[in-house]
Amino acid sequence: MRTHRCGELNRKYAGKKVILCGWVNSIRDHGGVIFFDIRDRYGITQIVCSPENFKEDEFSRIKSIRDEWVVRVEGTVRERPIDTINPKTPTGEIEVVPEKVEIINTSLPLPFEISEIEKIEETLKLKYRYLHIRKSRLTENLNKRALFTYRIREFLISEDFIEVETPILTKSTPEGARDFIVPSRLNPGKFYALPQSPQIFKQLLMVGGLDRYFQVARCFRDEDLRADRQPEFTQIDIELSFINEDDIISLTERMLKYAIEKTFNIQIEIPFPHISYDEAISKYGVDTPDLRIPIEYIDITSIFQQTEIKILRDIIEKGGIIKGFVINKGEKISLKDIENIDRIVRETGGSGLGWIRLKGDDIQSPFKKFLFPETIQKIKTLISSENSIVLFLAGEQKKITGLLNVIKKYVIEKIFTDRTNVFKFIWVTNFPLFEYNPEEKRFQAVHHPFTSPREEDISKFKTDPGGMRSRAYDIVLNGIEIGGGSIRINKKEIQEEVFKTIGLKQEDAQERFGFLLRALEYGAPPHGGIALGLDRLIMLLVGEESIRETIAFPKTQKGTCPLTDAPSDVEQQLLKENRIKVDTEKLK
RNA sequence: GGGGCGGUAGUUCAGCGGCCUAGAAUGCCAGACUGUCGAUCUGGAUGUCGCGGGUUCGAAUCCCGUCCGCCCCGCCA
C-alpha cells in the first residue's frame, strides 16, 4: 500500500517514485498550487499539487481535502527550490509531486486542537484518547516504554530469569491496599480479588525452585488516585533464591543502567548511593530524598546550648531541638521571602522562623544582638558561600521536621527551578519492620508482612516490635519512590510471629495465608526480590508529570474511563447469575 | 473522608462590585490568492455560561446544594 514512511525521504530520494500513506496535517491552499503535509508516526512530508498536473475534477477533489483525512499519495520526490527549504523538519529539503492523490477516508474536524493538548480538560482528552495518541508525544512515550521493557526482558532473560505469568483472578487478603473484587458465578457468594502485586505467587515460585523469576505484572489497588497513582499499574516484578540484599541491589542497578542507557541515551553511574531510613528522615525529612536538591537539615541545638535567646533556651530546656538548613544561594532569598516563610510556618502551626543571613562579614538576623561571636563562628563552618542564609526552627523533633519540609518546598520553588534531565537514584535501607497504627491500635508492616526482620532483631518480637528493623530496601529516583523489595521470610515460625504481631489471629492467618505457611514448611529457600513501578519510571525518564502520559488508556482521578464509560451498570441477568443484589439507595 | 483550583462558542480563555441582545483567539464554513510550511486576506455561522434550587424587576455574575475534572492531605502491605 505504501513504499515509504513519511519522515524518511530526503535529497537522496530525488527523482524516485514513492507512495506515502497518512493523515493530512496542514493544508495551504494558494488558489493555484496547494500544499499539504502528510503525516504518519514517523514524520511528515510536504505534498505539492499544481493545477496543471491534474484534470479539473481531480484538482477540485484535492481542494476538498481537510485536516486529518486519510490519504494515499503516489508521486515523485523532488528537491525543493533553495529558497523554500524548510530547515525545521528533517524532510524539509524535499517534497513529493503527486500523480495521484487517493482519499482513503474522511474525518470530522477534531474535537480539540492538538497544539493546546496540555491545557485540554482530562475528560475530553481521555474520551478521544486515540486522537491524543495520533498527534502527540504520547506515541513517543508509549514507544519508549515498549523499548525500555524490551531491554529489561533482554537483560533479565540473558541472566537466566524465567518470565512467569501469575493469576489475575486470585484471593483477597487482608493488609495492604483495598482489593478490587470479582464475583464467582460458579461459587455463589464468593469473590476473587485482583492482585495488588504477585507477591505471594513469586515466593511460591521460589519454593518451587524456579530460582529466578520476573514478570511485567499488572497490579490493582482500589485506593484514591494521584498524578503518580492509577488503579491498575505495572510493576517489573523480580524474585530470586539464595541471595542477599546486595545481590538484588546490584542486579537492579545493572538492569536499570542497561535498559536506561540502551533506551534513553542517558549515562547512569552505578552503584547508587545508600542511605538509612533514619538518616533520610533526619537529613531530608522524608524517606524519599531528592538528591537534586542540595539541602540537608542540620541539628544545631548544640550551637545554641549557651544561648541568651529566651525562646530558644525555653525550647531546649523542654527537650526540644533546633534544626534548620543552609541556603548557599542566599541572595536569591529576599526579606519578603523570609516574611512569607515565617507566615507559612505560623499558619502551619509553628511558632516562627529563625534566620541568620551571612553576607561576607555582615550579619543580619532578628537575633543579631544575642549571637555570641563563637556562635557565629560555628554557624560559619556550616556554610559554603559568600552569601548564605541559615533558616531554622525550634521545637519538638517530629513537628519541626514537617515544618522544615514545608519551608524546603518554598525554597526549592524559589531557587532550584531547573531540574531537567538529571537522574539521581538512591537506595533507602534499614526500614523499621513495623509501625504502630494508633487508630487501629496495632502494629502494621511497614513494607509488607512477608518481609524478613534482621537476624539480630528476631528476639524483639515480644519486647520491642517497634524497634525491629527489616531487610527491606526502597529505590528512589529524584524524590519519587520507584520501587522496593526485601528479603522474605522463609521460616514458618517467623512468618507466624509477624502475623501475630500485626494482630492477625491464628485462625485468620491460617484462612488467609495458610497456603503460604504450608509452603514454608516444604523446604522454602532463602529468597527475596524487588518490584519497580514501570509507569513511574517511564514518567520520570521521559520527563512527564503524570503516569497518565505513559499509559495508553488511563483512568481519571475517580477511576473512570471517559472513553468506554467504565465502570458502568451491568445486565440484570449477569447480576442474577452472580447472586448479586445492588444496594445504592442510601448512598448520599 | 478533608483542603485547594477549575467548569462560559468545537477548543483555550476573558467577562463574575447584577443590564450581556455574552466577547477574544483559534478551529469551522464560504470567497480570494501559484511557493506555503502555525500560510495570508475578506466575510459568515456557532453558546442549556456544568446541573438544580433560591435572592432579585432582572443572575454567567450573589447565596445554597449537587455533579464533573485536576492538584494535594488522609489512604496507597
Side-chain angles (χ1 to χ4, degrees), chain A residues 25-39 44-53 59 63-64 66-68 78 80-89 91-92 95 97 108-128 131 173-179 195-197 199-200 219-231 233 348 402 405-406 409 431 433-435 437 439-440 443-451 470 472 481 484-486 498-499 502 504 512-513 531 533 545-546 548 555-560 562 588:
Chain A
N25 203 42
S26 155
I27 303 156
R28 286 143 265 143
D29 182 347
H30 286 249
V33 65
I34 297 173
F35 299 91
F36 62 85
D37 297 329
I38 179 168
R39 186 195 72 242
I44 61 171
T45 299
Q46 173 163 287
I47 312 295
V48 195
C49 304
S50 299
E52 49 269 27
N53 295 348
F59 196 71
K63 233 176 155 57
S64 75
R66 291 293 176 268
D67 277 358
E68 297 306 315
R78 174 173 85 185
R80 293 195 198 180
I82 291 174
D83 54 328
T84 65
I85 286 174
N86 183 354
K88 283 186 246 169
T89 68
T91 60
E95 58 199 5
V97 183
L108 293 171
L110 264 36
F112 46 76
E113 283 157 60
I114 298 294
S115 58
E116 301 195 90
I117 197 77
E118 313 290 334
K119 297 189 205 158
I120 288 159
E121 200 209 349
E122 203 65 29
T123 327
L124 193 67
K125 281 201 288 185
L126 292 181
K127 183 171 174 187
Y128 295 98
L131 298 179
T173 53
E175 293 299 302
R178 201 173 285 112
D179 287 319
Q196 296 176 29
S197 83
Q199 182 58 35
I200 299 181
C219 306
F220 306 86
R221 294 177 192 175
D222 187 7
E223 293 294 345
D224 288 0
L225 307 178
R226 290 282 193 287
D228 60 357
R229 270 155 48 183
Q230 282 275 304
F233 61 98
T348 326
N405 288 347
V406 176
K409 206 168 162 192
F431 282 87
L433 186 62
F434 302 112
E435 71 190 334
N437 181 333
E439 271 166 42
E440 297 185 29
F443 281 99
Q444 281 181 329
V446 168
H447 192 61
H448 59 51
F450 319 110
T451 300
S470 75
E481 183 195 329
S486 64
V498 169
F499 287 151
I502 61 176
L504 204 59
R512 292 302 177 184
F513 298 111
E545 305 257 303
S546 164
R548 280 193 292 268
K555 305 218 166 20
T556 66
Q557 199 165 46
K558 282 198 76 189
T560 64
K588 238 211 129 181

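The figures here come from the full heavy-atom set of this structure, side chains too, leaving out hydrogens, waters and symmetry mates. So you know, we letter chains A, B, ... as the sequences are listed, proteins then strands, and number each from 1.
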My understanding is that a pair needs two contacts under 3.5 Å, Watson-Crick or G-U wobble. By that rule, which nucleotide pairs with [N]?
{"N": "B/G58", "answer": "none"}
{"N": "B/C20", "answer": "none"}
{"N": "B/G38", "answer": "none"}
{"N": "B/C51", "answer": "B/G65"}
{"N": "B/C28", "answer": "B/G44"}

Pick base, sugar-phosphate or nothing for [X], based on heavy-atom distances below 4.0 Å to the nucleic acid.
{"X": "A/Glu439", "value": "nothing"}
{"X": "A/Thr123", "value": "sugar-phosphate"}
{"X": "A/Arg78", "value": "base"}

Given A/Arg28 and A/Asp37, is the side chain to side chain contact (heavy atoms under 4.5 Å, CB included) satisfied, shown in steps?
CA-CA 9 Å; A/Arg28 286 143 265 143; A/Asp37 297 329; 2.7 Å; yes
Looking at [N], does its base get a donor-acceptor pair with the side chain of [X] below 3.5 Å?
{"X": "A/Arg80", "N": "B/C37", "answer": "yes"}
{"X": "A/Arg66", "N": "B/G27", "answer": "no"}
{"X": "A/Asp224", "N": "B/G74", "answer": "yes"}
{"X": "A/Arg548", "N": "B/G69", "answer": "no"}

Nearest whole Å is fine: how far is [N] [atom2] from [X] [atom1]?
{"X": "A/Lys558", "N": "B/C75", "atom1": "NZ", "atom2": "P", "result": "21 Å"}
{"X": "A/Arg229", "N": "B/C73", "atom1": "CZ", "atom2": "P", "result": "8 Å"}
{"X": "A/Lys127", "N": "B/C70", "atom1": "NZ", "atom2": "P", "result": "16 Å"}
{"X": "A/Glu52", "N": "B/U34", "atom1": "CD", "atom2": "C1'", "result": "8 Å"}
{"X": "A/Phe35", "N": "B/G35", "atom1": "CZ", "atom2": "C1'", "result": "4 Å"}
{"X": "A/Arg178", "N": "B/G74", "atom1": "CZ", "atom2": "P", "result": "15 Å"}
{"X": "A/Lys409", "N": "B/C71", "atom1": "NZ", "atom2": "P", "result": "13 Å"}
{"X": "A/Phe59", "N": "B/U34", "atom1": "CZ", "atom2": "P", "result": "11 Å"}

Expressed as a whole number of Å, how far does the [atom1] atom of [N] sit from that of [M]?
{"N": "B/G53", "M": "B/U42", "atom1": "P", "answer": "45 Å"}
{"N": "B/G10", "M": "B/C51", "atom1": "P", "answer": "13 Å"}
{"N": "B/C71", "M": "B/C13", "atom1": "P", "answer": "15 Å"}
{"N": "B/G52", "M": "B/U61", "atom1": "P", "answer": "12 Å"}
{"N": "B/U11", "M": "B/U48", "atom1": "P", "answer": "10 Å"}
{"N": "B/C5", "M": "B/C62", "atom1": "P", "answer": "14 Å"}
{"N": "B/G23", "M": "B/A39", "atom1": "P", "answer": "28 Å"}
{"N": "B/U36", "M": "B/G50", "atom1": "C1'", "answer": "42 Å"}

Taking only N/O atoms, report every protein-nucleotides 40-48 of chain B pair under 3.5 Å with atom names and distance.
none

Closest-nucleotide ordering on RNA chain B, the 5'-leading residue of A/Gly31 and A/Leu225:
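Going by which nucleotide is closer to the 5' end, it is A/Gly31.
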Residue [X], side-chain atoms from C-beta onward, closest of [options]:
{"X": "A/Asn86", "options": "B/C37, B/G35, B/A39", "result": "B/C37"}
{"X": "A/Glu122", "options": "B/G69, B/G35, B/U34", "result": "B/G69"}
{"X": "A/Glu223", "options": "B/C75, B/C37, B/G35", "result": "B/C75"}
{"X": "A/Val33", "options": "B/G69, B/U34, B/C75", "result": "B/U34"}
{"X": "A/Gln557", "options": "B/C29, B/C37, B/C71", "result": "B/C71"}
{"X": "A/Arg221", "options": "B/C72, B/C37, B/C76", "result": "B/C76"}

Do NZ/NE/NH1/NH2 and the carboxylate oxygens of [X] and [Y] come within less than 4.0 Å?
{"X": "A/Glu68", "Y": "A/Arg39", "answer": "yes"}
{"X": "A/Asp224", "Y": "A/Arg229", "answer": "no"}
{"X": "A/Glu175", "Y": "A/Arg512", "answer": "no"}

A/Asn53 vs A/Phe59, side chain to side chain contact (heavy atoms under 4.5 Å, CB included): CA-CA, chis, key distance, verdict:
CA-CA 9 Å; A/Asn53 295 348; A/Phe59 196 71; over 6 Å; no
Look at the side-chain N and O atoms of [X] and state whether any lies under 4.0 Å from the OP1 or OP2 oxygen of [N].
{"X": "A/Thr556", "N": "B/G69", "answer": "yes"}
{"X": "A/Thr560", "N": "B/G69", "answer": "yes"}
{"X": "A/Lys88", "N": "B/G38", "answer": "yes"}
{"X": "A/Ser546", "N": "B/C70", "answer": "no"}
{"X": "A/Arg28", "N": "B/U34", "answer": "no"}

Hey, mind stepping through A/Phe443 and A/Leu433 against side chain to side chain contact (heavy atoms under 4.5 Å, CB included) and telling me if it holds?
CA-CA 10 Å; A/Phe443 281 99; A/Leu433 186 62; over 6 Å; no
Mind telling me whether A/Phe450 and A/Phe499 have parallel, tilted or perpendicular rings, with 30° and 60° as the class edges?
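Answer is perpendicular, since the angle exceeds 60°.
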For A/Thr123, check side chain to side chain donor-acceptor pair (under 3.5 Å) against everything at least two apart and list the hits.
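Checked A/Thr123 against side chain to side chain donor-acceptor pair (under 3.5 Å); matches are A/Glu121.
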Please step through side chain to side chain contact (heavy atoms under 4.5 Å, CB included) for the pair A/Ile27 and A/Asp67, ending with a clear verdict.
CA-CA 7 Å; A/Ile27 303 156; A/Asp67 277 358; 3.8 Å; yes
Flag as yes if A/His30 stacks onto the base of B/A39 (centroids under 5.5 Å, planes under 30°), otherwise no.
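Aromatic stack with B/A39 present for A/His30.
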Atom CD of residue position A/Glu545 - does it have more than 12 heavy atoms of other residues, nucleotides or ligands inside 6.0 Å?
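Incorrect, the count does not exceed 12.
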Do A/Gln444 side-chain atoms and A/Asn437 backbone N/O form a donor-acceptor pair below 3.5 Å?
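Pair absent, no side-chain N/O of A/Gln444 close to backbone of A/Asn437.
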Taking A/Arg178's backbone N and O only, do any of them form a donor-acceptor pair with A/Glu223's side chain (distance below 3.5 Å, no angle check)?
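Yes, because the side chain of A/Glu223 sits within donor-acceptor range (under 3.5 Å) of the backbone of A/Arg178.
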Is there any protein nitrogen or oxygen under 3.5 Å from a nitrogen or oxygen in nucleotides 10-12 of chain B, and what are the pairs?
residue: B/G10; atom: O2'; partner: A/Pro111; partner atom: O; Å: 2.7
residue: B/G10; atom: N2; partner: A/Glu113; partner atom: OE2; Å: 2.4
residue: B/U12; atom: OP1; partner: A/Glu121; partner atom: N; Å: 3.1
residue: B/U12; atom: O4'; partner: A/Glu116; partner atom: OE1; Å: 3.3
residue: B/U12; atom: O2'; partner: A/Lys119; partner atom: NZ; Å: 3.3

Taking all non-hydrogen atoms of both residues into account, name the closest pair between A/Leu124 and A/Pro111 and its distance.
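Nearest heavy atoms, A/Leu124 then A/Pro111: CD2-O, 4.2 Å.
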